[in-house]
Amino acid sequence: MSDGWVDRWLGACSDLAALERSNPMTDAVIDEISGRMIRIGDRWLADFASCNYLGFDLEPNIIAAVPGFLERWGTHPSWSRLLGSPVLYEQIESRLSELLGCEDTLVLPTITLIHLAVIPILAHGGTIFLDRRAHKTIYDGCQLARAHGATVKRFEFEDPDDLERLLRHDHSASRLICMDGVNSMTGNAPDLNAFARVAREYDAILYVDDAHGFGIIGERSAGELCPYGLRGNSITRHFGESYENIVLVGGFSKAYSSLAAFVACPTDLKRVLKTAAPPYLYSGPSPIASLATVLAGFDLNEKRGDVIRADLWEKTNRVLRRLDRLGIHTPNTSGFPIVEVPLARHEDIDAVGRFLFDRGIYVTLAAYPLVPKSEVGFRIQITAANTRAEIDHLLDVLGEVANRFDLQPARQAEFAA
Ligand SMILES: Cc1ncc(COP(=O)(O)O)c(C=O)c1O
């Protein structure tokens, strides 16, 4: 390993490599958890880096449901899905299709695997229109499609007009648009109605990864308890869209705290994927405990999901209001529980991370090259399981960070609470 490639690789992402080596907020070993508090060595910190938005990972009813499934099914089915699937998959897919209001769904272990498998199939050697800021896992699926003969063209982030400009000049037989739903850094959703209109007008498939939105945002209604909407049935329903020309991808590994993911698509496409998507044919399945927590999660979502989401909205709102009062910029204009705080100077990231750690706050550090230098900062994720006291403490520490470090100033009344 000494021909220099390791050093060259680490040099290319030196900011991140330095953090990984020395900052306590990266690559940590978590020794213990208690609610949303985590212990690293002898320090207890409030965890604001979890994507378990609904707190289902700690929910007693969900935890209690698991042993019964293990007794009936053992720990792991082991068959690839083409060989055979426990009936639990059928139950999940049918409940999921009902929740999303789509024709059909297919469950596979992770979104990463879905992108690698499904994007090349849908691209079909034609043109992929890729959102310039799409998640890395979408990029990887597009790279694989390119190796299979597809052409990749990139359009500007959140810009349906730029997408339309590219589509107008494209004459390939098949067109696929790939983008995120709720963005994993800004917490904002794209204007799905505008993108869906463009997709339909140019006979393209709009492929949307709503890893973060699923479970949180959902259909709008006069009776909704908060602006996330009802039922957590994802971005398509949130924008009142049909599934015409839309393939929705989502996962259970965030809001539902489980290891499984899905494609919402017409039954015909599902049939194709069953023989063409490698993870259906060759990969091991999700463990039984994960299938069990998805099913128990559906039950809880039906019973209390909307109340939990209203509580999450309120908690997030407190954090956003605090930043607003401190005059600190965050790209979040939606109220979604992802709140990124960019620094004025990207070089401060190590010191800011250490300061937050020392003050007992655990967040995600967004370092270069994970994000552009102008967006280097820290990302706070709020979950329903964070207590009021943990959030009070976070609000105090945010004030201290603002006094000690240069953060980017708010651009104007950014968040309409
Ligand atoms: C937008 C987005 N897509 C995909 C993934 C990966 O999901 P999975 O763990 O199911 O592969 C993530 C995880 O952070 C994500 O944020």
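Counting starts at 1 for both ligands and their atoms, following the listed order.
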Check your understanding: What atoms of ligand 1 come closer than 4.0 angstrom to any heavy atom of D180?
Key -> 1 (C)

Review point. Relative to the heavy atoms of T137, which atoms of ligand 1 are at a distance of less than 4.0 Å?
Key: 3 (N), 4 (C)

**Study point:** K254 N/O to ligand 1 N/O under 3.5 Å
**Key:** yes

Point to revise | H212 neighbourhood, listing ligand 1 atoms whose heavy-atom distance to it stays under 4.0 Å | key: 15 (C), 16 (O)

Review point. Where's the contact between I111 and ligand 1, heavy-atom distance under 4.0 Å: side chain, backbone, both or neither?
Key: both

Exercise for review: Return the residue, atom name and 0.1 Å-rounded distance of the protein heavy atom closest to atom 5 (C) of ligand 1.
Suggested key: H135 CE1, 3.6 Å

**Study point:** Side chain, backbone, both or neither: the part of A261 lying under 4.0 Å from ligand 1 by heavy atom
**Key:** neither

Check your understanding: Between D392 and R318, is the closest basic N to carboxylate O distance under 4.0 Å?
Key -> yes

Point to revise | Residue D209 vicinity, atoms of ligand 1 by number, heavy atom under 4.0 Å | key: 1 (C), 2 (C), 3 (N), 4 (C)

Point to revise | Residues K303, D299: salt bridge by 4.0 Å N-O rule | key: no

Exercise for review: Check L113 against ligand 1 and report side chain, backbone, both or neither, counting heavy atoms closer than 4.0 Å.
Suggested key: neither

Review point. What is the nearest protein non-hydrogen atom to atom 9 (O) of ligand 1, stated with its residue, atom name and distance?
Key: S253 OG, 3.9 Å

Point to revise | Y256 and F214 aromatic ring geometry - parallel, tilted or perpendicular at 30°/60° bounds | key: parallel

Check your understanding: Side chains of Y207 and H115: donor-acceptor distance under 3.5 Å anywhere?
Key -> yes

Point to revise | Residues H238 and Y228: side-chain donor-acceptor under 3.5 angstrom | key: no

Point to revise | Numbering as shown, the atoms of ligand 1 that approach A211 to under 4.0 Å (heavy-atom distance) | key: 1 (C), 2 (C), 3 (N), 15 (C)

Check your understanding: Side-chain donor-acceptor pair under 3.5 Å between E241 and N193, yes or no?
Key -> yes

**Study point:** Carboxylate-amine/guanidinium contact D311 K315, below 4.0 Å
**Key:** yes

Practice item. In plain terms, say whether R154 and D131 are close enough for a salt bridge, that is, a side-chain N and a carboxylate O under 4.0 Å apart. Key: no

Exercise for review: Answer side chain, backbone, both or neither: which part of T112 comes under 4.0 Å from ligand 1, heavy atoms only.
Suggested key: both

